[in-house]
Amino acid sequence: MDLKEIMALNLRRKRHDRQMTQEELAERAGLSARYVGAIERGDVSASVTVLGQIASALDTEPAELLKRPARASKA
């Protein structure tokens, strides 16, 4: 999984955790809802600046959006 996919998954999860729509997130981040949707689908890579805007809008650290998911342990 590349960073674009990781950010897409983390972004969607954090947005849902905060019960925010893509439109609400976009407005808070100063972006278009269409662009936020494209990031969440992994269609585009966000710049560092956009990563910061989104993190700020979600009240989280940018690094949280780039953390790889923990691997499931094998039993």
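Note that the structure is a prediction, hence the values are computed from the model and not measured.
Rounding to the nearest 0.5 Å places OG of Ser56 at 10.0 Å from CD of Glu61. Remark: Gln22 CD to Ile39 CD1 distance equals 9.5 Å, nearest 0.5 Å. Atom CD1 in Ile54 sits 8.5 Å away from atom OG in Ser47 (nearest 0.5 Å). Annotation: the span from Leu58 atom CG to Arg13 atom CZ amounts to 10.5 Å, rounded to 0.5 Å. Here CG of Leu9 is found 11.5 Å from CZ of Arg68. Values are rounded to the nearest 0.5 Å.
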Verify side chain to side chain contact (heavy atoms under 4.5 Å, CB included) between Leu65 and Ile6, making sure each step is shown before the conclusion. CA-CA 8 Å; Leu65 296 173; Ile6 291 167; over 6 Å; no

Apply the test side chain to side chain contact (heavy atoms under 4.5 Å, CB included) to residues Arg18 and Thr60: give CA-CA distance (whole Å), side-chain angles for both, the deciding distance (0.1 Å), then the verdict. CA-CA 11 Å; Arg18 285 160 179 75; Thr60 193; 4.2 Å; yes

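Under a cut-off of 6.0 angstrom, the local environment of NZ in Lys67 is sparse, with at most 12 non-hydrogen atoms contributed by other residues, nucleotides or ligands. Counting heavy atoms of neighbouring residues, nucleotides and ligands inside a 6.0 Å radius, atom CD of Glu40 exceeds 12 of them. Heavy atoms from other residues, nucleotides or ligands lying under 6.0 Å from CZ of Arg34 number 12 at most. A 6.0 Å sphere centred on CG of Asp17 holds more than 12 heavy atoms belonging to other residues, nucleotides or ligands. For Arg12, the CZ atom sits in a packed shell: over 12 heavy atoms of surrounding residues, nucleotides or ligands are nearer than 6.0 Å.
Taking 4.5 Å as the limit, every side-chain heavy atom of Glu23 sits out of range of all side-chain heavy atoms of Val36. For the pair Glu64/Asn10, no side-chain contact is recorded, criterion being any heavy-atom separation below 4.5 Å from C-beta on.
The cluster map of Ile, Leu, Val, Met, Phe, Trp and Tyr, joined by side-chain heavy atoms under 4.5 Å apart, puts Leu3 and Met1 in the same cluster.
Contact between Ala8 and Gly42 at its shortest, heavy atoms only, is CB-N, 4.0 Å. Taking all atoms of both residues into account, the shortest heavy-atom contact from Met7 to Ala46 is CE-CB, 3.9 Å. A pairwise comparison of heavy atoms in Leu25 and Ala57 identifies CD1-CB, 3.6 Å as the closest pair.
Contact check on Asp43 versus Arg41 returns a salt bridge, with a Lys/Arg side-chain nitrogen under 4.0 Å from an Asp/Glu carboxylate oxygen.
Proximity of a side-chain donor or acceptor of Glu24 to a complementary backbone N or O of Thr21 within less than 3.5 Å is detected.
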